[in-house]
Amino acid sequence: FILVIMVICVGTVQAQVRLEATGSGSAYALVNAAFAPGGNACEPPDCAHTGFGPHLTQVFDTTLNRYVFAFHIHVHPDDDRCQKFDRQRNEIKTYESSAAYLKGYQGDTVSYEWQFKIPSGFKPSSGFTHIHQIKAVGGDDDMPLFTLTARKASPNRVELIHNNTDRVKTANLSLFEGQWVRVQEQITIDSLHGTYNILITNVATNATILSYQNNNLMTIRGSNSFIRPKWGIYRSLLDSTSLRDEIMLFDYFVVSKGTVQNAQPTNVEATNPLHVNIYPNPVDDTVTIDGLTGNETIRILDLQGQQWATQQATGAQERISLKALPSGTYIVHVTNGATKQIFKIQKQAK
């Protein structure tokens with residue numbers, strides 16, 4: 001299934017779309033269904049690196065206990081969509097073909113929330129390593145209006161840049177590395193007197209990593225039609241010898257007209273528990289699940305999201321043979337309608 005939620009007229013939110021990984025199917029299809037149905041909201045370097053396969057995948061994160069999006073980038077041979085070769089890009093976006101409620105027009109208030117994790121030992125470029133951009137469409141739209149970028153420095157840092165030139169806030173990159181962080185961003189769109197507010201916090205500790213607020217600045221150029229967000233990794237190759245292959249993880253994405261509300265993940269075990277039990281764990285050949293109603297679907301996937309087995313419950317207890325599975329770690333999804341419980345199990349070696 002594709003988990004895309006749109007909410008209309010909830011409090012101050014006029015329209016809201018959230019995108020989450022599901023652990024099955026194409027990550028590209030999930031992004032397009034949320035951000036550009038019938039279009040293409042993904043900008044991967046697949047054309048230059050066909051042998052690798054999709055550069056946007058879904059992987060299981062053991063810290064969050066759910067599937068997340070993995071953005072892969074390789075120093076060689078990835079480039080910018082076979083169009084530019086001094087840089088490389090793996091981003092998702094809203095754009096011209098997206099619905100109007102995903103675009104920010106003059107006078108609108110738009111909000112974005114997402115979670116991401118920069119890997120430990122991350123090697124940013126001395127040029128630019130963009131993680132997030134707010135870009136305009138129409139007129140003078142070449143340079144981003146707001147950019148969250150990592151930069152090689154002493155020490156390495158993350159910078160918030162306005163209008164591609166004004167570095168308004170910085171934070172030490174080490175505060176991001178190996179940690180899930182949450183970003184909440186709100187923009188009131190005006191060519192002269194807009195407002196901008198961003199707060200980045202550590203998910204585990206809720207400690208503030210970076211914050212910035214300005215209630216009187218340009219948030220759209222007079223010639224622009226609308227603004228739109230981008231996420232991923234977009235970096236310069238002019239300093240390629242200092243780079244390495246990276247995998248950046250992103251959890252959920254929320255795009256709203258108005259203020260983001262209740263943006264926490266909905267596919268977490270604690271949010272919608274089914275109160276079923278699974279045993280033994282570690283498991284040898286057979287795993288047992290009880291406490292079922294008989295209406296559940298049981299799916300077993302590996303950490304890369306590949307499905308190995310599926311079974312429809314018919315009673316209060318189900319026994320599932322894992323004899324054909326290689327030893328390793330697997331994720332068990334027990335789903336009943338919109339309610340899901342997720343388990344991690346270990347298949348023992350013979």
Side-chain angles (χ1 to χ4, degrees), residues 1-3 20-27 30 51-72 115 117-121 177-180 203-204 245-252 265-350:
F1 61 89
I2 293 176
L3 183 57
E20 297 176 359
T22 65
S24 61
S26 163
L30 289 173
F52 179 76
H55 282 70
L56 178 61
T57 62
Q58 301 177 76
V59 298
F60 190 82
D61 182 79
T62 55
T63 300
L64 298 179
N65 196 35
R66 57 180 174 268
Y67 284 95
V68 298
F69 293 104
F71 288 69
H72 304 258
Q115 294 188 165
K117 181 164 73 171
I118 293 176
S120 298
E177 290 182 67
Q179 305 288 324
W180 279 104
V203 170
D245 296 349
E246 304 283 4
I247 303 175
M248 187 175 294
L249 302 182
F250 285 78
D251 184 13
Y252 62 84
T266 58
N267 63 339
V268 188
E269 176 181 342
T271 305
N272 288 315
L274 288 177
H275 306 295
V276 300
N277 301 306
I278 188 167
Y279 57 90
N281 190 14
V283 61
D284 187 4
D285 285 339
T286 303
V287 66
T288 299
I289 303 176
D290 61 23
L292 301 166
T293 67
N295 297 315
E296 292 82 4
T297 299
I298 302 164
R299 298 164 55 236
I300 298 178
L301 303 94
D302 60 24
L303 296 183
Q304 286 70 48
Q306 179 182 351
Q307 182 169 296
W308 286 81
T310 183
Q311 187 165 315
Q312 183 64 44
T314 58
Q317 185 182 91
E318 291 290 324
R319 291 169 60 83
I320 303 173
S321 174
L322 305 183
K323 190 173 183 179
L325 272 63
S327 60
T329 303
Y330 294 88
I331 310 302
V332 181
H333 289 218
V334 184
T335 306
N336 187 342
T339 306
K340 177 188 291 186
Q341 194 157 354
I342 300 175
F343 300 92
K344 182 170 67 173
I345 61 172
Q346 188 72 30
K347 170 72 185 298
Q348 293 180 324
K350 291 288 188 179

**Asked** Can you tell if the side chain of Met248 reaches within under 4.5 Å of the side chain of Ile118, non-hydrogen atoms only?
**Response** yes
**Message:** On a heavy-atom basis, which atom in Thr286 and which in Pro280 lie closest, and how many Å separate them?
**Reply:** O-CD, 3.8 Å
**Item:** Nearest-0.5 Å distance that lies between atom CD1 in Ile298 and atom NE2 in His333
**Value:** 12.5 Å
**Message:** With rounding to the nearest 0.5 angstrom, report the CG to CD distance, Asp251 to Glu20.
**Reply:** 7.0 Å
**Gln312 versus Glu296, closest heavy-atom pair with distance** = NE2-O, 2.8 Å
**Prompt:** Can you find a pair of side-chain heavy atoms, one from Phe60 and one from Thr329, that are under 4.5 Å apart?
**Reply:** no
**Asked** What do the steps show when you test Tyr67 against Ile331 for side-chain contact (heavy atoms from CB on, under 4.5 Å), and what is the final call?
**Response** CA-CA 10 Å; Tyr67 284 95; Ile331 310 302; 3.6 Å; yes
**Message:** Looking at every heavy atom in both Phe69 and Ala21, which two are closest together, and how far apart are they?
**Reply:** CE1-N, 3.4 Å
**Prompt:** How many angstroms lie between CG in Leu325 and CG in Asp302, if you round to the nearest 0.5 Å?
**Reply:** 9.0 Å
**Asked** Side chains of Val334 and Ile278: does their closest heavy-atom pair fall under 4.5 Å?
**Response** no
**Item:** Derivation of the side-chain contact (heavy atoms from CB on, under 4.5 Å) call for Asp285 and Lys347
**Value:** CA-CA 8 Å; Asp285 285 339; Lys347 170 72 185 298; 4.3 Å; yes
**Message:** Test your reading of the model: is there a side-chain donor-acceptor pair from Gln346 to the backbone of Val283, 3.5 Å cut-off?
**Reply:** no
**Asked** Do side-chain atoms of Lys344 reach the backbone of Thr62 as a donor and acceptor pair under 3.5 angstrom?
**Response** no
**Request:** Measure the spacing between CD of Gln317 and CG of Asn277 and express it to the nearest 0.5 Å.
**Result:** 10.5 Å
**Request:** Under the side-chain contact (heavy atoms from CB on, under 4.5 Å) rule, what do Lys117 and Val203 come out as? Steps first, then yes or no, please.
**Result:** CA-CA 10 Å; Lys117 181 164 73 171; Val203 170; over 6 Å; no
**Request:** Can you measure from CZ (Phe343) to CG (Asn281) and round to the nearest 0.5 angstrom?
**Result:** 9.5 Å
**Complete:** Between Leu292 and Ala313 the two heavy atoms that sit nearest each other are CD1-CB, 4.0 Å
**Message:** Could you walk me through whether Val287 and Tyr330 satisfy the side-chain contact (heavy atoms from CB on, under 4.5 Å) test, starting with their C-alpha distance in whole Å, then the side-chain angles of each, then the deciding distance to 0.1 Å, before giving a yes or no?
**Reply:** CA-CA 12 Å; Val287 66; Tyr330 294 88; over 6 Å; no
**Complete:** To the nearest 0.5 Å, atom CD of Gln179 lies from atom OG1 of Thr63 at 9.0 Å
**Asked** What's the shortest heavy-atom distance between Gln58 and Thr22, and which atoms?
**Response** OE1-N, 2.8 Å
**Prompt:** Hey, are Asn336 and Asn295 close enough side-chain-wise for a donor-acceptor pair under 3.5 Å?
**Reply:** no
**Item:** Closest non-hydrogen atom pair between Ile247 and Ala70, with its separation
**Value:** CG2-CB, 3.8 Å
**Request:** Check whether any side-chain N or O of Asp290 sits under 3.5 Å from a backbone N or O of Ala316 as a donor-acceptor pair, and report yes or no.
**Result:** no
